[in-house]
A.B. asks: 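Below is a structure I'd like to ask you about.
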Amino acid sequence: MDWHGVCFRWLLMRAGISFVGRWRRPDLPYHRAMPSATLPSLHDTRRGSLSCVGLGMTLGSHLTPLARSHIEQADVVFAALSDPIAEEWLKRMHPDVRSLQPNYAEGKPRIKTYREWVALMMAELRAGKRVCGVFYGHPGIFAWSPHKVIEQARAEGYEAHMEPGISAEDCLYADLGFDPGRYGCQHFEASQLLYCERRIDTAGYLVLWQVGVVGNRSVGRFDHGPAYRALLVERLEQDYLSDHEVIVYRGATLPIERARIRRITLRELAVAPLTAEETVVLPPAVTLQPNRAMLDRLQALDSRGQEATAA
Amino acid sequence: MTDTIELLEAIGGDASLRYAQAGELKGVLEQVQASAGLSMAVELGDGAPLRHELGLQKISETPQMNSPGHGDEEEEEADVPLPEPSQPDRSPTPPAKQALSY
């Protein structure tokens, strides 16, 4: 240990902070050789606080140390997860885990359920509790309640924080093996393509979320599901050929599962069996076209720069 | 019998087990006396037997987001520009605002 290390350790010991681990040992792998410290947690006991964290997609694989800490240090934990086994896992981390699932009801608009979730979390927060909302994947992606409850909590003067998690989108890039930076990538909630005028760039990837429940706003009411999906396909056929490849993807939620990947045509998408958790990806349909005008201007700038350097 | 949830957590966090072949993983689980449901789930690559064994119902509703533009009560939360017939200019709201301020 060098002199700085000795001083740092002395300061920590003086502050009453002890080391559980040991200083770096060259004979151990890096992650095992680094010291791990136990520090006292800081909690403002005067007021409640809120954190919304992501559990990641796969049980045991994706939970970040910081998200776990939020869960463990909370007074009460609310859970909106995609698998009951993940909920059981969460219960091992905290004795007071309250599932938000029972707020769904047949025929009830989802937005009503999501508002109730916000109200439940806010009630505990106003009671002075440290509240943690745990959502599958990333709490801020395709989730209304976490953003809303944080906004409301902050408006009422509470400390509120979102902790990112590994999302379905993250898993998708890894499992399907494409980089969104290469050709660009657009993401849409599928219903939005029906409700709103949107422009699709077919030179990049198109990722559509919640295609399995397109047009469906209430739990259980889905009489027109296939007809809605047919409309979505019709909308996509404005930009793609009907035999364009469509990838149907679902990431693994349990570590004993593999990602599910099916390849069909756009035409088949209208009738293919699809669950709410599956995501639809359309690969690029056209090659990138060079922007000649901008390339010429860049060339001119380069030439000017070279002339200035030569002079 | 080893606790199933603990075993799942261990598999999920172990680089050699997470992507192991089903046969190999089953062998490891036999050594630690894993439950029949977990072994079956590994064999099928599907959590259904496990949920059955643990007495858990499959979650019927995955939390989702509501897309703006439904035209019903959640409209107040959305930023979708409402049609304004008196204005011929239909330039859209910046995409970032439509998507992110929800």
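So that the names make sense, note that chain A is the first sequence line, chain B the second, and so on, each numbered from 1.
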A.B. asks: Out of A:L254, A:I85, A:L63, which one racks up the most heavy-atom pairs below 4.5 Å with chain B?
C.D. replies: A:I85

A.B. asks: So for atom NE2, which belongs to B:H52, do other residues, nucleotides or ligands contribute more than 12 heavy atoms lying within a distance under 6.0 Å?
C.D. replies: no

A.B. asks: Counting only heavy atoms from other residues, nucleotides and ligands, does the tally under 6.0 Å from CE of B:M40 exceed 12?
C.D. replies: no

A.B. asks: I'd like to check B:D3 versus A:R92 (side-chain heavy atoms, cut-off strictly below 4.5 Å). Are they in contact?
C.D. replies: yes

A.B. asks: If you look at every heavy atom in A:I256 and B:A41, which pair is closest and at what distance?
C.D. replies: CD1-CB, 3.2 Å

A.B. asks: Minimum heavy-atom separation for A:P255 and B:G12, please, with both atom names.
C.D. replies: CB-CA, 3.4 Å

A.B. asks: Would you mind listing every side chain to side chain donor-acceptor pair (under 3.5 Å) that reaches into residues 5-17 of chain B, with sequence neighbours excluded?
C.D. replies: A:R68-B:E9, A:W89-B:E9, B:D14-B:S16

A.B. asks: For the candidates B:L8, B:V42, B:L54, B:L50, which exhibits the highest count of non-hydrogen atom pairs separated by less than 4.5 Å from chain A?
C.D. replies: B:L8

A.B. asks: Looking at CZ of B:R18 and CD of A:E257, how far apart are the two atoms once the value is rounded to the nearest 0.5 Å?
C.D. replies: 8.5 Å

A.B. asks: Is atom CD of B:Q21 surrounded by more than 12 heavy atoms (other residues, nucleotides or ligands) closer than 6.0 Å?
C.D. replies: no

A.B. asks: At a 4.5 Å cut-off on heavy atoms, which part of B:A20 comes close to chain A: side chain, backbone, both, or neither?
C.D. replies: backbone

A.B. asks: From A:T58 OG1 over to B:I11 CD1, what is the distance, rounded to the nearest 0.5 angstrom?
C.D. replies: 12.5 Å

